[in-house]
Asker: 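Below: one structure in structure tokens.
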Amino acid sequence: MSEDVLSRLTALLEARKQADPSSSYVAKLYAKGIDTILKKVGEEAAETIIAAKGNDPQALVYETADLWFHTMVMLSHAGLSAQDVLNELARREGLSGIEEKASRPA
């Protein structure tokens with residue numbers, strides 16, 4: 001089910017690249033460019049941290065959803081998708097964090 005949501009959202013984000021910025025929030029983000037998208041990711045990351053410290057599970061879920069959404073916009077802008085991230089997580093599965101860091105290019 002969650003992969004279906006990610007797939008539908010990925011398709012929607014791609015479609016919004018062709019949308020009129022006056023009619024779509026995502027199209028407006030794309031039109032403003034990477035700096036605006038990255039600013040939004042940073043804002044959402046900060047809000048997620050604040051929610052985590054606030055001890056309100058519902059707020060944490062809400063803010064994390066915003067963070068994931070804006071991160072997906074960032075990935076889409078770069079020609080990537082959630083599936084690319086899932087593939088990387090699958091590649092790392094079973095590796096210790098120490099092993100994984102050691103395998104990264106210098």
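Note that this is a predicted model, so its numbers are computed, not measured. Keep in mind that the numbers below use all heavy atoms, side chains included, and drop hydrogens, waters and symmetry copies. Positions are given from 1, in the same order as the sequence printed here.
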Asker: Hey, could you give me the CG/CG distance between D84 and N87, rounded to the nearest 0.5 Å?
Answerer: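 With rounding to 0.5 Å, CG (D84) is 6.0 Å from CG (N87).
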Asker: Out of curiosity, M74 CE to I37 CD1, how far, rounded to the nearest 0.5 Å?
Answerer: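 Here the interatomic distance stands at 9.0 Å.
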Asker: Which residues satisfy the salt bridge (charged side-chain N to carboxylate O under 4.0 Å, His left out) test with K28, sequence neighbours excluded?
Answerer: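 K28: no salt bridge (charged side-chain N to carboxylate O under 4.0 Å, His left out) contacts found.
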Asker: Could you walk me through whether M72 and T10 satisfy the side chain to side chain contact (heavy atoms under 4.5 Å, CB included) test, starting with their C-alpha distance in whole Å, then the side-chain angles of each, then the deciding distance to 0.1 Å, before giving a yes or no?
Answerer: CA-CA 8 Å; M72 288 184 67; T10 296; 3.5 Å; yes
Asker: Among all residues two or more places apart in sequence or in another chain, which pass the ring pair (Phe, Tyr, Trp, His ring centres under 6.0 Å) test with Y25?
Answerer: H70
Asker: Between side-chain atoms of residues 13-20 and protein atoms elsewhere (two or more places apart, or another chain), which donor-acceptor pairs fall under 3.5 Å?
Answerer:
residue	atom	partner	partner atom	Å
E14	OE1	K17	NZ	3.4
E14	OE2	K17	NZ	3.0
E14	OE2	S76	OG	2.9
R16	NE	S24	OG	3.3
K17	NZ	S76	O	2.6
D20	OD1	S22	N	2.9
D20	OD1	S22	OG	3.0
D20	OD2	S22	OG	2.9

Asker: Quick one: pull up CD1 in I34 and NZ in K39 and give me the separation to the nearest 0.5 Å.
Answerer: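 Between atom CD1 of I34 and atom NZ of K39 there are 14.0 Å.
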Asker: For L29 versus V73, what's the shortest heavy-atom pair and its separation?
Answerer: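 Closest pair (atom of L29, atom of V73, distance): CD1-CG1, 4.2 Å.
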Asker: Begin with the C-alpha distance, continue with both residues' side-chain angles, and end with the deciding distance and a verdict on side chain to side chain contact (heavy atoms under 4.5 Å, CB included) for L6 and L86.
Answerer: CA-CA 10 Å; L6 291 176; L86 292 173; 3.9 Å; yes
Asker: Among residues two or more places apart or on two chains, list those pairs meeting salt bridge (charged side-chain N to carboxylate O under 4.0 Å, His left out) that have a residue in residues 42-55.
Answerer: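 Every salt bridge (charged side-chain N to carboxylate O under 4.0 Å, His left out) pair that includes a residue of residues 42-55, provided the two are not neighbours, is K40-E43, K40-E44.
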Asker: Any idea which heavy atoms bring P21 and A31 closest together, and the distance?
Answerer: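 Distance-wise, the nearest heavy atoms are CG-CB, 3.8 Å.
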Asker: For the atom pair CG (L80) and OG1 (T71), what is the distance rounded to the nearest 0.5 Å?
Answerer: 12.5 Å
Asker: From L60 CG over to I49 CD1, what is the distance, rounded to the nearest 0.5 angstrom?
Answerer: 11.0 Å
Asker: Going by side-chain contact (heavy atoms from CB on, under 4.5 Å), name the residues that satisfy it together with I50, two or more places apart in sequence or in a different chain.
Answerer: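 With sequence neighbours excluded, I50 shows a side-chain contact (heavy atoms from CB on, under 4.5 Å) to no residue whatsoever.
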Asker: Quick one: which residue pairs count as a side chain to side chain donor-acceptor pair (under 3.5 Å) with a foot in residues 54-68, not counting sequence neighbours?
Answerer: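 Listed by first then second residue: nothing to list.
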